[in-house]
Amino acid sequence: MRRDARIYVAGHRGLVGSAIVRRLQNDGYENLIVRTHKELDLTDREAVESFFTEEKPEYVILAAAKVGGIHANNAYPADFIFQNLAIQGNVIDAAYRHKTEKLLFLGSSCIYPKLAPQPMREDVLLTGPLEPTNQAYAIAKIAGLEMCRSYYRQYGFRSVSLMPTNLYGPYDNFDLENSHVLPAMMRKFHDAKERGDKQVTLWGSGTPRREFLHADDLASAAVFLMNNHEDPDLVNVGVGEDVTIRELAETVRSAVGWNGEIVWDSSKPDGTPRKLMDVSKIHSLGWRHSIEFEDGVRDTYEWFKNNMAGTLR
Ligand SMILES: NC(=O)C1=CN([C@@H]2O[C@H](COP(=O)(O)OP(=O)(O)OC[C@H]3O[C@@H](n4cnc5c(N)ncnc54)[C@H](OP(=O)(O)O)[C@@H]3O)[C@@H](O)[C@H]2O)C=CC1
Ligand SMILES: C[C@H]1O[C@H](OP(=O)(O)OP(=O)(O)OC[C@H]2O[C@@H](n3cnc4c(=O)[nH]c(N)nc43)[C@H](O)[C@@H]2O)[C@@H](O)[C@@H](O)C1=O
């Protein structure tokens, strides 16, 4: 991408979109196009059409989506499938018709079968049943990446599709019900420390394993692949190592500095037992993560204390 190219970053205020904007700005890209959800609802096909007619972005980074943790996915499957199908359908099709040079699509590690062999290679896609708690979201994401492959096959429309593992970092969603596990733990431990609570309740058994990648690393992979990769087939993005949810709780608790008791609520779902990415493809393309987990969690907690603590209810 030329440094003066017109690059539309959809979802620029979210965890991933904000990290991609920071990365592009640091790399000297000076012509970024952004719209808030309120300014442009990407589920509205006519609004998307007018936006592309007006702005004619040369590159599109699609980091806008309906996103949430295990509870949100399980409780609101209709919102997850409808909004994601609509957003990606509108944006990918408009980008093709308005002659965008290249688009970046984001899937997720939950597109792979619930019991896929670990670590999960890109070619285990569609080889078995999905995890029920996020099936609606996963099917929307699989449709998105198939749309990218199909637009390439039929029209030669260029795109890259990244499948990130679980992400964390600044501008994450710290809602107690609808967020992912890492920000939820951070907020629960922080609130307990502030209030002097002796116990925090976490969900499930604590035995599932998850892999965590800092959003700044994902942003670096996104810009790298936009510049260096020409195949619309999916590419996993992760660190290649995972931890149990109990181990994660210890790391986050230690970063926050709270020493009370953790209680596990077994009435809440565990979700997929393990989701570890095979990252050999992206390593062979020349990209590796650079933020170590403990450093990333510590920095994210600093950001949380400075920006979010006290603003949340
Ligand atoms: N977080 C994670 O662990 C992972 C995320 N991903 C993928 O990365 C991408 C970004 O996720 P993440 O940054 O975490 O999500 P966030 O929820 O942090 O951000 C999503 C962004 O999308 C915007 N948005 C949502 N709906 C619309 C809409 N209808 N019109 C316009 N904008 C909209 C939101 O705007 P607003 O805030 O104003 O509503 C927000 O800026 C998604 O595709 C997600 O599937 C993949 C794997 C893991
Ligand atoms: C990125 C990915 O994210 C989601 O999948 P998930 O990884 O299962 O989601 P999660 O981060 O919410 O939970 C991970 C694990 O952690 C446990 N857990 C403990 N205590 C809390 C807790 O307090 N909050 C939450 N949310 N989880 C908790 C929880 O029970 C589970 O065992 C999907 O939306 C999927 O669509 C997707 O793409």
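Just so we're clear, the structure is a prediction, and the values are computed from it rather than from any experiment. Residue indices begin at 1 and follow the sequence shown. Just follow the structure's listing: the first ligand is 1, and inside any ligand the first atom is 1.
Under a cutoff of 6.0 Å and an axis angle of 45°, K66 and F80 form a cation-pi pair. Both tests pass for R3 against the ring of Y29: distance under 6.0 Å to the centre and angle within 45° of the axis.
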Starting from the N and O atoms of ligand 1, find every protein N or O within less than 3.5 Å and list the pair with its distance.
from	atom 1	to	atom 2	distance (Å)
ligand 1	3 (O)	L167	N	2.9
ligand 1	13 (O)	L15	N	3.2
ligand 1	13 (O)	V16	N	2.8
ligand 1	18 (O)	L15	N	2.9
ligand 1	22 (O)	A65	N	3.3
ligand 1	29 (N)	H37	NE2	3.2
ligand 1	29 (N)	D41	OD1	3.0
ligand 1	30 (N)	L42	N	3.0
ligand 1	39 (O)	H37	ND1	3.0
ligand 1	41 (O)	G14	N	3.4
ligand 1	43 (O)	K141	NZ	2.7
ligand 1	45 (O)	Y137	OH	2.4
ligand 1	45 (O)	K141	NZ	3.0

Would you mind listing each N/O atom of ligand 2 next to any protein N/O under 3.5 Å, plus the distance?
from	atom 1	to	atom 2	distance (Å)
ligand 2	3 (O)	H180	NE2	3.2
ligand 2	5 (O)	K275	NZ	3.4
ligand 2	7 (O)	N166	ND2	2.9
ligand 2	7 (O)	R210	NE	2.8
ligand 2	7 (O)	K275	NZ	3.2
ligand 2	8 (O)	R210	NH2	2.9
ligand 2	11 (O)	V181	N	2.9
ligand 2	12 (O)	I70	N	2.8
ligand 2	20 (N)	W203	N	2.9
ligand 2	23 (O)	K188	NZ	2.7
ligand 2	26 (N)	S179	O	3.0
ligand 2	30 (O)	P269	O	2.7
ligand 2	32 (O)	D270	O	2.6
ligand 2	34 (O)	G68	O	2.8
ligand 2	34 (O)	N73	ND2	2.5
ligand 2	38 (O)	S108	OG	2.6

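You'll find the side chain of P113 stays beyond 4.5 Å of the side chain of M120, heavy atoms only. No side-chain heavy atom of M163 sits under 4.5 Å from any side-chain heavy atom of V235.
For S50, the side-chain contact (heavy atoms from CB on, under 4.5 Å) test picks out no residue, with sequence neighbours left out. Under the side-chain contact (heavy atoms from CB on, under 4.5 Å) criterion, A184 pairs with S179, not counting sequence neighbours.
Ring pair Y171/W303 is tilted by interplanar angle, where 30° to 60° counts as tilted. Taking the six-membered ring where tryptophan is involved, the planes of Y301 and F304 are essentially parallel, since the angle between them stays under 30° and well short of 60°.
For the side chain to side chain donor-acceptor pair (under 3.5 Å) criterion with S205, the lone passing option out of T244, D270, D265 is D270.
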